[in-house]
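First the proteins, then the strands, lettered A, B, ... as listed; each starts at 1.
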Amino acid sequence: MDKTSPQDVLLTAAECAARTGISVRTLRVYEANGLLSPVRSQKNWRLYSSGDIARLNEILSLKQLGLSLSAIAEILEGRMTDVGHLLDIQKTILTARQEQAERGLRLVAQLQSKSLAGEGLSMGDLLDLAKETKMNEAADEYAWKRYDQARPRTEIEPDRDNLQACAGEYRFEDGIAIRITSTGNGLRGELLGQPEFDLFAEAPDRFFLKVTPAQFTFSRDEEGEVEGLVLHQGGFEMKAEKCAEGVFAATKADLEDRIRNKTPFAGGEQKLRRLIGEHREGKPDYVEMTPVLKALVEEQLPVVVKELERLGPMRSIEFRGVGVDGFDIYIVEFENGRMEWGMSQCPDETLNGLFMRPVP
DNA sequence: CTTCTGACA
DNA sequence: TGTCAGTA
């Protein structure tokens with residue numbers, strides 16, 4: 001079906017913008033995101049047909065829902081397989097925004113009454129207000145990433161040369177190494193202390209796991225050489241840069257040494273004591289944790305606090321050894337029972353793993 | 001005078 | 001998303 005008919009009037013960008021109440025810049029952005037594709041004149045000017053205008057109206061309507069341009073693109077191209085899920089996400093985001101706005105309004109009202117009462121406003125009052133908005137923006141972004149990472153993927157035929165280009169060793173910002181190898185018709189990933197996993201192509205430089213909702217995007221430098229990757233998982237994006245061949249093997253050998261010799265992380269026990277104490281208080285120190293671990297710890301905190309309360313005061317703490325995944329394992333005795341705690345840290349000493357479970 | 005691209009805020 | 005530079 002041709003979207004332009006012979007008697008169609010074609011509008012220039014400025015005319016189209018005036019008629020739809022958006023800017024020319026915005027029209028170009030939509031086009032860059034694949035939402036619009038106006039024809040071009042001989043002078044390379046954009047010309048918008050009635051079909052383009054209709055599509056623009058659809059875009060504007062979908063934007064009312066607060067959808068991102070990429071989500072709108074998926075819907076318009078019919079690639080969106082799970083609109084129901086999308087709407088769920090959208091609902092939670094909008095509800096969160098609504099709650100945030102209500103909190104903001106209450107704060108403003110408080111501040112106004114305070115200033116009416118002649119008490120004067122402190123910098124701290126205003127900072128509270130500002131902080132709140134920012135936190136919500138972050139929450140929105142997190143929800144979107146989680147959504148995008150969890151949505152179903154479509155596998156495509158991978159490009160052989162590309163697989164070779166992506167193969168190599170990479171190191172995350174916290175020092176953790178990962179090895180990517182080509183299997184000929186896909187990629188295989190290896191993270192220290194974890195079972196190997198297969199990666200399937202969904203775009204030339206983007207691969208996904210089938211066993212868990214996570215994806216890898218490979219990035220290239222100006223010369224087109226693969227220079228790094230991004231792991232998308234659990235609402236986070238973790239960047240890794242390509243590193244020298246052999247780094248992975250070296251860290252693997254280190255881990256095997258640690259396991260064989262039962263070598264705990266330096267200062268691990270003190271750190272764990274502190275962490276347990278902080279958990280008991282219900283406020284662990286997140287500063288020395290990776291963002292991913294922080295999210296995990298926050299999530300399980302209520303349960304842990306309850307458990308620690310039940311167990312009573314701590315009696316002793318004993319290092320047991322290093323697990324295959326590189327976790328230092330400790331047995332912690334409490335007045336009313338015992339727990340196993342595992343702790344793992346990155347080369348830069350930030351904590352990247354923490355688990356705890358009751359043991360008989 | 002207008003649009004285009006690309007960069008930057 | 002606005003704006004600016006340098007073009008065509």
Margin query: Between A:Arg315 and A:Glu333, does any NZ, NE, NH1 or NH2 come within less than 4.0 Å of an OD or OE carboxylate oxygen?
Written below: no

Checklist line | Set of residues satisfying side chain to side chain contact (heavy atoms under 4.5 Å, CB included) with respect to A:Glu102, sequence neighbours excluded | finding: A:Gln98, A:Arg106

Checklist line | Span of DNA chain B, from the first to the last nucleotide whose atoms fall under 4.0 Å of chain A heavy atoms | finding: B:dT2 to B:dC8

Check: Have A:Thr183 and A:Arg188 got a donor and an acceptor in their side chains that come within less than 3.5 Å?
Finding: no

Checklist line | Charged N-O contact under 4.0 Å between A:Lys210 and A:Asp198 | finding: no

Sequence neighbours left out, cut at 3.5 Å: what donor-acceptor pairs do the side chains of residues 249-260 of chain A make with other protein atoms?
unit_1: A:Thr251; atom_1: OG1; unit_2: A:Val247; atom_2: O; d: 3.3
unit_1: A:Thr251; atom_1: OG1; unit_2: A:Phe248; atom_2: O; d: 2.8
unit_1: A:Asp257; atom_1: OD1; unit_2: A:Arg260; atom_2: NH1; d: 3.2
unit_1: A:Asp257; atom_1: OD1; unit_2: A:Arg260; atom_2: NH2; d: 3.4
unit_1: A:Arg258; atom_1: NE; unit_2: A:Thr263; atom_2: O; d: 3.4
unit_1: A:Arg258; atom_1: NH2; unit_2: A:Gly326; atom_2: O; d: 3.4
unit_1: A:Arg258; atom_1: NH2; unit_2: A:Asp328; atom_2: OD1; d: 2.9

Item checked: Dot-bracket pairing map - DNA chain C, Watson-Crick plus G-U, both contacts under 3.5 Å, | cross-strand -> ||||||.|

Determine all donor-acceptor pairs shorter than 3.5 Å in which one atom belongs to a side chain in residues 294-301 of chain A; sequence neighbours excluded.
none

Checklist line | side chain to side chain contact (heavy atoms under 4.5 Å, CB included) evaluation trace for A:Cys346 with A:Phe172 | finding: CA-CA 10 Å; A:Cys346 317; A:Phe172 289 99; over 6 Å; no

Next item on the list: Kindly say if A:Ser23 contacts the phosphate of C:dT1, meaning a side-chain N or O under 4.0 Å from OP1 or OP2.
Entry: no

Check: Is the A:Phe319 to A:Tyr330 ring centre distance short of 6.0 Å?
Finding: yes

Check: In terms of side-chain heavy atoms, does A:Ser344 have a donor or acceptor partner in A:Asn352 at a distance below 3.5 Å?
Finding: yes

Pairwise N/O distances under 3.5 Å, protein to nucleotides 3-8 of chain C:
unit_1: C:dT3; atom_1: O4; unit_2: A:Arg25; atom_2: NE; d: 3.4

Notebook entry, point to check: Parallel, tilted or perpendicular: which fits the ring planes of A:Phe216 and A:Phe197, with parallel below 30° and perpendicular above 60°?
Noted result: parallel

